[in-house]
Amino acid sequence: FFDEMRTEPARFIHRVSEILGLQVNSNIVRNVMEETSPEHMKRVQDSQHEDINHYQGLATKGTNSRKVRNAELKGYEHELPKNVLQECVDAARFHLPKVLRERFDI
C-alpha cells in the first residue's frame, strides 16, 4: 500500500477513497495530490513561524529532500499539541468505518 502511495498516488487516492466510502472525481484527486505533495508541504512548513510547531532539520538535497518532517513511529503523538492530536483522534473515530476503528484501536 505504501509503495503504491509513492509510485501511483492517483490510484492510491482512489483506493483510500473507496475504503472510506467516499466518491471522488479527477479534480478532487488532482487537488489532493497537489495539497499533499512533499513540495507543497515544505512550502506550508516554510511559511510557518518558529513558534507555530515548525519542524526542524529537513534536508534540501539527497534522498531525504522530499521529506516534510523527520519520520518516527507515532512521532505525531509528541509533535502535535495535545488538543490537535485529540481533534484528529475524534475525527478519525467519527469518520472511519467500524472495521478500521477496531483495527487501529481508535
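Below, each value reflects all heavy atoms present in this structure, side chains not excepted, and no hydrogens, waters or symmetry copies.
Val16 and Ile28 fall into different hydrophobic clusters, defined by Ile, Leu, Val, Met, Phe, Trp and Tyr side-chain heavy atoms under 4.5 Å apart, directly or through other members. Under a hydrophobic clustering in which Ile, Leu, Val, Met, Phe, Trp and Tyr are joined whenever their side-chain heavy atoms come within less than 4.5 Å, directly or via other members, Leu100 and Leu22 fall into the same cluster.
A side chain to side chain donor-acceptor pair (under 3.5 Å) check over residues 97-106, counting only residues at least two apart or in different chains, returns nothing. For residues 16-36, there are no salt bridge (Lys or Arg N to Asp or Glu O under 4.0 Å) pairs, not counting sequence neighbours.
No more than 12 heavy atoms of other residues, nucleotides or ligands sit less than 6.0 Å from atom CD of Gln23.
Every residue two or more places apart in sequence or in another chain that forms a side-chain contact (heavy atoms from CB on, under 4.5 Å) with Val29 is listed here: Ala10, Ile13, His14, Val24, Met33. Under the rule for a side-chain hydrogen bond (donor to acceptor under 3.5 Å, both in side chains), Glu8 has no partner lying at least two apart in sequence or in another chain. Remark: Asp90 engages Gln86, Arg93 in a side-chain hydrogen bond (donor to acceptor under 3.5 Å, both in side chains) (not counting sequence neighbours).
Listed by chain and number, the hydrophobic cluster partners of Phe94 come to none, as no ILVMFWY side chain reaches under 4.5 Å of it.
Smallest separation of non-hydrogen atoms from Pro97 and Ile19: CG-O, 3.8 Å.
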